[in-house]
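This report concerns only the one structure given below.
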Amino acid sequence: MRVVIAEDTVLLREGLAGLLEDAGHTVQARVGDGEALLAVVAEHEPDLAIVDVRMPPTYEDEGMRAAVEIRRLHPETGVLVLSQHVEGRFAVELVSSDGGFGYLLKDRVLDVGEFLDAAERISRGGTALDPEVVKQLLAQPAADDPLAELTPREREVLALVAEGRTNASIAKELWLTEKTVETHVRSILGKLDLPQDGDTHRRVLAVVTYLRASAA
Amino acid sequence: MLARIAENVVEAKDVGMGGLRIAAWVVATANAVFLAMGLADMDRTLGSLPWALVPFVALSLLTPSVVGLLIANRQPRNRIAWILLLGPLAMTVQVPLALALGKGWALQMDRASWPLLYAWPIAIAFVFPTGRLLSRRWRWVAGAAIVSFVGFTTLAMLDPDPFSGDDASVPNPFADNAVAGWLEDTHLWWIWAILWAGMLASLFAGATAMILRLRRSTGVERLQVMWVAWSAVLIPVALVLCGLSAWAIGTAVIDWIVFPLILLFQMAVAASVGMAVLRYRLYAIERIVNRTLVYASVTALLLAVYGAITIGLGVLVGGDSSWVVALATLVVAVAFRPARSRIQDVVDRRFRKARYAGVRLVHAFEDDVRDGRRAPEEIGAVLGEALGDPLAELWFWLPETEAYADMRGQVGQPPVDARARREIRRDDAPTALLLHDPVLLERLDFLDGVLAAAALSIEMARLRVEVRIQLAEVAASRTRIVEAGYEERRRLERDLHDGAQQRLVSLGVQLRRVQMTLPREAQILSASLDQIVDEVGAAIGDLRQIAAGVRPARLDDGLAAALRDLARTSPVPVEVVAPRDRVAASVEAAAYFVACEAVTNAVKHASPSKVAVRAFRENGTLRVSVDDDGVGGAVVRRGSGLAGLRDRVAAHGGTLTIESPRGGGTHLEAEIPCV
C-alpha cells in the first residue's frame with residue numbers, strides 16, 4: 001500500500017510513518033498542510049492519504065476540505081481523516097456519500113492492528129467510521145424507530161457494520177462464526193427495511209445513511 | 001453708542017453712490033452750521049424761544065440729522081436716511097433765510113413753520129422700514145398729508161396779521177398781501193381748518209400705517225417696526241403721564257414739561273430709527289417695550305393712588321396737610337414692589353403671550369414628569385412645542401466622552417444645517433445643544449425665557465440619558481467579558497486537543513513502534529507495553545472528557561448538535577427540540593450552558609424520569625427551556641449554579657425565569673437576544 005501522510009505534528013507524523021513502514025507499506029510523502037497534501041497526492045496518486053483535520057494555516061478544518069478535494073480529483077486514492085475529537089456531521093456525510101473514506105479518532109492508532117485494517121480497507125474503496133461516531137448515531141432511538149426493535153446483539157453487530165467492518169472482522173471481534181454474523185446482518189437489514197446486498201461497502205453506506213437519517 | 005454704530009459702517013461698493021454720500025454730508029453739515037448760526041444770533045433768529053428750551057431744540061434738530069448721515073453713509077439710497085437728513089434742515093434752513101430777510105421774516109417763519117417739526121416723523125411712519133408706502137392706495141393718503149402740511153404752512157406764511165407782544169412793533173412782511181386779501185374776500189380762508197384737520201388725520205394715518213406694518217411684518221422687519229413704534233408711542237404715553245401728574249401733584253408747569261418732552265421724543269424716534277435700520281441691538285426691543293409698559297403702568301397707577309389719597313383725604317380733612325402727603329407717599333412707597341410684580345405678570349401674559357404660554361407649557365410638563373405621566377427625555381419635544389418650532393432638536397451633552405446624544409441615548413453629531421445652534425448651559429457647564437429655527441433669534445427674550453424655565457428639565461433629561469448610555473456601556477462590557485470567556489474556553493479546548501492530547505497520541509505511537517521492534521529476547525516486555533499504551537489511551541479519553549466540559553467541540557456544529565450530544569451522555573432520557581439554523585456562537589454557547597446546567601441540576605437534585613430541552617427562535621430572541629418532572633422546589637441562591645446561569649443570560653441582555661413548585665417539576669426558561 002502506497003501512502004502519503006499529512007500531519008503538522010512532526011513527532012506523530014514520523015510515528016505514523018514508522019508504523020506503516022514497519023507493516024510493510026510505502027510512505028511516499030510526509031507533509032504538514034492541506035496544500036502540500038494536494039500536491040503530493042497529485043504527484044504520487046497513492047492508495048491512501050492519511051490526513052489530520054486541523055492543520056496550518058487556520059487549524060480549523062483544512063484536512064477535511066483537502067479530503068473532499070482528494071476524493072473529487074483522485075477517486076482512486078482513499079482518504080483516512082484523523083481527528084482529536086468527534087467533529088460529527090461532516091464526517092458522517094462524507095462516509096455515507098462515498099466509499100474510500102474513513103474517519104477515526106487519533107488514539108485509534110494505538111490499536112495498531114485495527115488501525116492498519118481500517119487503512120487497508122479504505123485504500124481498497126471501503127470505509128471506516130469511528131466507533132464513537134457510530135455510538136452517537138445509535139444512541140437513544142425514538143420509540144417509533146425500527147432501531148428500537150433490534151436486539152442488543154444486533155445493535156452490536158450493526159455498530160460494527162457501520163464502522164465499516166467486514167463480516168470476518170465482526171465475527172472475530174464478537175467471538176462469533178461468520179455464519180452467525182451473516183444471519184444477524186440479514187435480520188438487521190430486514191428490520192430496517194434495507195436491501196440485502198452481498199457487497200460490504202454498499203451495505204455500510206446503506207446502514208450509515210439510515211443511521212444518519214434517523215439521528216437527524 | 002454712536003461709535004459702535006460707526007463700526008458697522010461698511011464702505012459702499014458702488015462708486016456711483018459716492019455723490020449721494022457727499023450730498024448727505026453737505027446736508028448734515030449745513031444743518032449743523034445753520035443751527036450754530038441760529039444759536040449764535042438768537043435775537044435775530046429764535047427770539048421767541050425761552051432759553052431753557054434751547055438745548056432741547058438743538059438736540060432734536062441735530063439727532064435726526066446725525067442718524068440720517070450714519071445711515072446714508074452705509075446705504076446712500078435709503079429713503080429713511082434722507083427723510084432724517086432733510087426733516088431738520090427744513091427747520092434750520094430758516095436761520096439763514098431769517099438773517100438775510102430780516103426780523104419780520106424770522107417772526108413770520110417762526111409762527112408758520114411749526115408743522116414741519118412733525119412732518120418728518122409722520123413721513124417716517126408712512127414708509128418705515130422699507131422706504132415705500134404700504135400699497136398703491138396709500139399714495140392718496142400720503143398725497144393728502146403732503147397737501148395738508150404744505151398748504152397749511154403756506155397759508156400760515158401768508159398770514160397778514162401783525163405780530164403780538166414784544167414784537168408788536170415789527171412790521172409783518174406779508175401784511176396786505178394780495179393772495180391773503182383774495183382769500184379773505186372769497187371767504188376761502190377757512191380752508192386752513194380743513195388743512196389743519198388733514199395734518200391731524202395724517203398723524204393718525206401714520207399711526208395706522210405703523211400698526212398695519214407691525215401686524216403684517218415678521219422677523220427682523222417686525223423688530224424694526226417695533227423699535228420705531230415704541231418710540232412713537234412714548235409721545236402720547238408721556239403726555240398722559242404729564243396730565244396725570246399735573247392732576248395728582250398739581251404742578252402748573254405743563255408747558256415747560258410737555259414741549260421739551262415732545263422734543264426729546266423726537267430724538268428718541270430718530271435714535272430708534274437708527275437702531276432699527278442699522279440693526280444695532282435690534283433684539284433688545286421686546287424687553288424694552290415690556291419694561292416701558294410695566295413702568296409706565298406702575299407710574300400711572302401710583303400717581304392715581306397718590307392723587308386719590310391726597311385729594312380724597314384733603315377734602316375730608318380740609319386743606320393741605322403735610323401728613324396727608326406723607327401718608328400718600330408712604331402708601332405709594334409700600335405699594336411699589338407688589339404693584340410692579342403684579343403688573344409685570346399681567347404685561348408678560350398680555351404682551352409676551354408666546355413666552356408666557358411657552359413657560360407654562362414647560363411647567364406643565366414638569367408637573368407631568370413629577371407625576372410620572374411623561375418621561376423627562378421628552379423635554380426636547382416639549383421645547384419644540386413651547387417655541388412653536390417643529391424643527392427644534394435637542395442634543396444632550398456628555399461631558400465624559402465630550403460628545404452629544406439624542407433623547408434615545410444615541411451618540412452622534414448634531415447635524416449642521418440652516419438651523420441656528422444654541423448651547424444651553426447650567427451652572428456654567430454645557431448641558432445641551434438646541435437646534436432651532438433662526439427666526440427665534442429675533443425673539444431672544446422669548447427663547448431665553450422658555451429655555452430658562454426648561455433648564456432644570458433639560459439637566460434632568462441629560463443626566464438620565466447619560467446614565468442610560470453608561471448602563472448600556474456596562475452591559476456591553478459585561479457581554480464582552482462573557483464572550484471573551486467563551487473564547488477563552490474555546491482556546492483551552494483547542495489547547496487540550498492539539499497540545500496535550502496530541503503529545504499523548506505521539507507517545508503511544510512511539511511505544512507501539514518500540515513494542516513492534518522488540519528483539520525476541522525482550523518480548524516479555526510486550527505485555528507491559530500493552531498496559532502502558534492502554535493507560536495512555538485512557539489518559540487521552542480523560543483529556544477529551546475534560547475538553548468537552550470546558551466547551552463541547554460539537555458547538556462548532558451548532559446548538560442542536562451540541563444539545564443532542566448532551567442528551568446522549570445524560571443518565572436520564574432527554575428529549576431535544578432545537579433549530580438547525582445557527583445564531584451567534586456566543587449566544588449558542590450561552591444557550592448550551594443554560595441547558596447543560598439545568599439538565600445537570602435536574603438529574604442531581606430533582607430525580608426526574610425525563611427531561612425536555614427545547615430551543616427555538618422567536619422575534620429575534622433564542623428561547624431555551626428545560627422542563628423536568630422531578631420534585632421541584634428549585635430556588636435561585638446567591639452563588640448557586642442557577643444564579644450563575646441568570647448572570648450569564650443577563651450578560652447577553654436576556655432573562656432567566658424559573659418555576660419550580662414543590663412536587664410539580666421545574667420549568668426553566670431563558671430568553672437571549674440573538675439578532
Side-chain angles (χ1 to χ4, degrees), chain A residues 5 7-24 50 52-56 58-61 64 82-93 104-116 130 132-143 215-216, chain B residues 491 493-517 529-530 532-548 551-558 560-562 564-570 572-576 580 610:
Chain A
I5 301 174
E7 161 67 59
D8 59 304
T9 311
V10 179
L11 212 55
L12 183 56
R13 187 166 73 200
E14 296 310 318
L16 279 173
L19 279 180
L20 289 162
E21 279 171 348
D22 291 348
I50 296 178
D52 180 17
V53 173
R54 288 184 189 170
M55 281 188 295
T58 64
Y59 295 95
E60 292 285 345
D61 57 352
M64 212 58 114
L82 295 180
S83 176
Q84 289 290 7
H85 59 86
V86 176
E87 262 97 0
R89 200 166 302 283
F90 199 17
V92 179
E93 275 168 33
L104 292 177
L105 290 175
K106 274 185 182 168
D107 40 326
R108 305 293 173 207
V109 176
L110 301 185
D111 195 340
V112 181
E114 272 195 25
F115 171 69
L116 291 174
D130 194 272
E132 190 64 32
V133 179
V134 174
K135 205 166 96 191
Q136 291 186 0
L137 288 173
L138 280 170
Q140 299 194 10
Chain B
R491 204 182 57 73
E493 177 238 330
R494 283 294 181 91
D495 285 353
L496 285 174
H497 284 315
D498 297 343
Q501 208 178 316
Q502 187 94 331
R503 265 169 188 274
L504 285 177
V505 172
S506 300
L507 178 65
V509 169
Q510 280 169 39
L511 285 171
R512 282 295 187 213
R513 288 201 63 201
V514 168
Q515 189 181 26
M516 282 174 180
T517 53
L529 281 172
D530 269 343
I532 295 171
V533 171
D534 283 352
E535 279 299 309
V536 170
I540 293 169
D542 286 353
L543 271 184
R544 192 172 286 131
Q545 286 282 315
I546 292 169
R551 179 185 172 279
R554 278 308 282 272
L555 267 177
D556 288 341
D557 289 338
R564 260 189 277 280
D565 272 9
L566 173 67
R568 272 181 210 115
T569 53
S570 165
V572 175
V574 177
E575 182 201 335
V576 175
R580 288 282 188 84
K610 60 180 192 290

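Convention: sequence-line order gives letters A, B, ...; per-chain numbering from 1.
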(message) Main chain of A:Y59, side chain of B:R494: is a donor-acceptor contact present, judged purely on distance under 3.5 Å?
(response) yes
(message) Looking only at heavy atoms and a cut-off of under 4.5 Å, which of A:T9, A:V109, A:D52 has the most pairs with chain B?
(response) A:T9
(message) Atom CD of residue position B:Q545 - does it have more than 12 heavy atoms of other residues, nucleotides or ligands inside 6.0 Å?
(response) no
(request) Determine whether A:E14 and B:V509 make a side-chain contact, defined as any pair of heavy atoms from C-beta on separated by less than 4.5 Å. (result) no
(message) To check you understand the geometry: which heavy-atom pair defines the closest contact between B:R544 and A:H85, and what is its length?
(response) NE-CA, 4.0 Å
(message) Counting heavy-atom pairs under 4.5 Å with chain A, which one of B:L496, B:L511, B:D530, B:D498 comes out on top?
(response) B:D498
(message) Are A:R54 and B:H497 packed together at the side-chain level, in the sense that at least one heavy-atom pair is separated by less than 4.5 angstrom?
(response) yes
(request) Quick one: pull up CD in B:Q515 and CG in A:D22 and give me the separation to the nearest 0.5 Å. (result) 11.5 Å
(request) Look at A:D111 together with B:R512 and state whether they make a salt bridge at an N to O cut-off of under 4.0 Å. (result) no
(message) Does any backbone or side-chain atom of B:D565 lie under 4.5 Å from a heavy atom of chain A? Answer side chain, backbone, both or neither.
(response) side chain
(message) With chain A as the partner, which of B:I540, B:T517, B:L504, B:L543 has the greatest number of non-hydrogen pairs under 4.5 Å?
(response) B:I540
(request) Identify the residue among A:L19, A:L11, A:L12 that makes a side-chain contact (heavy atoms from CB on, under 4.5 Å) with B:Q510. (result) A:L11
(message) For the residue pair A:E7 / B:Q502, report whether a side-chain donor-acceptor contact shorter than 3.5 Å exists.
(response) yes
